[in-house]
Amino acid sequence: MLTSPFSFGTALFLVQLTTSQTTPFDAREATVEYVHHAVFSGLTTCRDIVSSFISRIEAHNNLTNAIITLNSQALDVADTLDVSLSAGNATGPLFCVPVLLKDNYDTKDMPTTGGNLLLAGSQPTEDAPSIVALKNAGAIMLGKANLHELALEGLSVSSLGGQTINPYDSTRTPGGSSGGTGAAVAASFCVFGTGTDTVNSLRSPASANSLFSVRPTRGLITRTGIIPISYTHDAIGPIGRSIKDIAIALTVMASSGYDAADNTTSLVPSTHRNFNYAASATAGSLQGLRLGVLDGFFNFTSSPEVTPVNNAMFAMMAKLESAGATLIPINESIYNATEIANRLDVQRFEYRELMNEYFARSSLSGEHPATLTDLYSHKATNGSDGGFLVIPTEYEYVETALVSSTGNVTYSSRQYGIRNLTIALQSTFAANNLDAIIYPEQKNLVVKIASPSQSGRNGILAALTGSPVVTVPAGFSNATETAPMGVPIGMEILGRPWDEEKLLQIGYQIEQLTRIRKPPQFAMERVEVLQYISVPSILPDSGNISPNYPLGTL
């Protein structure tokens with residue numbers, strides 16, 4: 001047995017090593033298919049696959065600060081799967097596939113913190129149903145990724161996890177709120193990851209990290225066991241490096257089926273229950289498609305932050321037309337993302353009630369606040385930084401949420417407006433005979449670290465109407481000193497309810513046509529694969545938070 005000391009951030013770990021009996025697994029850009037080829041052909045083992053991803057995290061997490069914790073049981077799970085493999089009992093579409101989870105998914109083998117200091121010891125006793133589905137499919141829960149604290153914004157900074165850094169540009173955020181997942185997937189810290197999306201948060205990190213994601217139709221995947229914000233807005237789903245991988249992940253996560261604890265799951269048509277999205281993802285064609293283009297979701301001013309987005313979108317649109325798609329401009333004034341959010345966003349009315357219910361569940365053990373009011377009462381004092389992080393532009397949001405409820409008259413009025421918006425969107429599809437609608441995920445490049453907010457995002461339309469969206473890489477800005485490959489730019493493809501199959505097919509055809517995705521520069525480096533006796537500890541850098549975001553302040 002060998003021992004090898006090495007440093008990670010400010011901590012020093014002593015890792016026990018054993019000699020490998022198989023070919024070291026190369027985790028760079030690894031897909032589900034690649035993992036299965038390696039393990040089922042006997043080239044490697046599940047333990048070595050997990051070790052390869054842990055080695056990458058140890059080598060490069062200091063460049064992203066994406067990981068909050070690693071699962072201490074990950075190697076034990078891998079060993080169990082290796083026994084099954086040896087016995088000829090390897091089953092499941094995600095057999096031996098390492099997955100990272102946004103740290104607002106309940107897991108009984110890891111704390112679920114939401115990136116909040118006061119939830120560092122909060123320990124669910126049950127897995128979220130979506131996690132149960134992933135485990136039943138053979139996936140290995142590798143660890144938890146950082147997020148914007150409690151998923152309330154898109155900068156991916158939290159009091160527990162610190163600031164996550166965009167792997168393509170160290171001066172920029174990775175999008176959010178699922179920015180830790182996005183940065184981790186881009187850096188090949190896992191095969192794919194999970195995220196949540198209240199307004200933009202599956203799509204913003206995909207856009208900012210040259211990735212693919214799917215926000216499913218409201219109800220397709222139960223949200224039980226997820227730290228909540230909004231019954232109306234919230235959705236969960238996967239973020240990955242290919243359409244095939246997110247199609248497999250979506251199939252598995254949606255297999256959790258009807259859940260009485262989340263009654264939106266009752267809306268799923270019988271034809272879409274236990275549907276295999278992976279089986280048909282590579283079918284279809286761009287020829288003959290009618291794609292609406294939301295002009296109101298572009299910023300047509302000229303600036304270094306906006307022009308690259310427009311250039312990438314115009315180039316993408318030209319490629320789509322050359323492949324046989326017809327683009328139909330949609331100029332209706334109703335499609336203004338800022339105006340829609342200002343008029344119809346209902347998070348403030350639902351947040352406190354849902355969080356209080358979450359904290360009161362019998363399946364939540366460990367130390368945690370009793371209510372949302374309790375959490376935000378831990379403010380900074382002369383001797384303490386406080387127990388939470390709220391960025392200044394969200395002070396009003398949180399303060400309003402603490403005194404608002406679904407009984408407010410304004411809430412009812414906004415729900416009526418959401419119904420009208422949903423009907424208007426479907427009318428736009430019908431009147432123009434559209435297969436899907438496209439627009440940039442963000443009107444400008446993902447913002448710099450320490451910015452006031454993640455401005456310019458277009459996710460609100462799908463969030464309120466419950467529509468499905470697949471996000472694909474659309475291009476990169478020009479290279480700069482801090483972004484040697486350019487900053488990634490993403491495009492949303494929005495469809496009618498339950499159109500995930502069609503959207504994934506469109507996404508796959510675009511993926512094959514454009515081949516835009518490329519990994520961050522450092523992620524292309526080969527990392528020595530260490531063979532661990534046990535899973536090492538990872539400590540996020542919570543000391544890298546900008547003074548623009550003072551802890552414990554409202």
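All residue numbers refer to positions in the sequence shown, counting from 1. These numbers come from a predicted model, not from an experiment.
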Indicate whether any N or O donor in one side chain lies under 3.5 Å from an N or O acceptor in the other, for T112 and K144.
yes

When you measure from the side chain of S156 to the backbone N and O of G179, does any donor-acceptor pair fall under 3.5 Å?
yes

Does the ring of Y532 carry R47 above it, NZ/CZ under 6.0 angstrom from centre and within 45° of its axis?
no

Could you check whether D109 pairs with K135 (Lys NZ or Arg NE/NH1/NH2 to Asp/Glu carboxylate O, under 4.0 Å)?
yes

Closer than 3.5 angstrom, by distance alone: can the side chain of N65 be matched with the main-chain N or O of G161 as a donor-acceptor pair?
yes

Six-ring centre of F476, K518 cation under 6.0 angstrom, axis tolerance 45°:
yes

Among side-chain atoms of T224 and T222, is any donor-acceptor pair under 3.5 angstrom?
yes

Quick check on side chain to side chain donor-acceptor pair (under 3.5 Å): which of E153, H148, K102 does S177 satisfy it with?
K102

Check whether T181 reaches the backbone of G195 with its side chain - one donor and one acceptor, N or O, closer than 3.5 Å.
no

Are the aromatic ring centres of F388 and Y376 under 6.0 angstrom apart?
yes

D234 and T196 side chains, donor-acceptor separation under 3.5 Å
no

Would you please say whether a donor-acceptor pair under 3.5 Å links the side chains of D169 and T482?
yes

Quick one about N146 and T164 (side-chain donor to acceptor, distance below 3.5 Å, no hydrogens or angles considered), yes or no?
yes

When V50, V529, T44 are each screened for side-chain contact (heavy atoms from CB on, under 4.5 Å) with F25, the one that passes is T44

Between S130 (side chain) and M253 (backbone), is there a donor-acceptor pair under 3.5 Å?
no

Backbone N/O of R215 and side chain of D197: donor-acceptor pair under 3.5 Å
no

Is it the case that the side chain of D374 and the backbone of A370 share a donor-acceptor pair, with hydrogens and angles ignored and the cut-off at 3.5 Å?
yes

Main-chain N/O of I67 paired to N61 side chain as donor or acceptor, under 3.5 Å:
yes

Test item: Q454 side-chain N/O and V447 main-chain N/O as donor-acceptor pair under 3.5 Å:
yes

Kindly say whether the aromatic ring centers of F522 and H60 come within a distance under 6.0 Å.
yes

Can a donor-acceptor pair be found, under 3.5 Å and without considering hydrogens, that links the side chain of T80 to the backbone of D76?
yes

Regarding E441 and R203, does a basic nitrogen lie under 4.0 Å from an acidic carboxylate oxygen?
no

I449 side chain near I165 side chain, heavy-atom distance below 4.5 Å:
yes

Can you confirm if the NZ or CZ of R361 lies within 45° of the ring axis of Y358 and under 6.0 Å from the centre of its six-membered ring?
yes

Any donor and acceptor pair, going by atom type alone, linking the side chain of D82 with main-chain N or O of T45 inside 3.5 Å?
no

Go through R56 and E29 one step at a time and tell me if the salt bridge (charged side-chain N to carboxylate O under 4.0 Å, His left out) criterion holds.
CA-CA 12 Å; R56 291 190 61 79; E29 296 291 288; over 6 Å; no

S84 and N89 side chains, donor-acceptor separation under 3.5 Å:
no

Test applied, side-chain contact (heavy atoms from CB on, under 4.5 Å); reference residue, T31; option that passes from V97, D245, I248:
D245

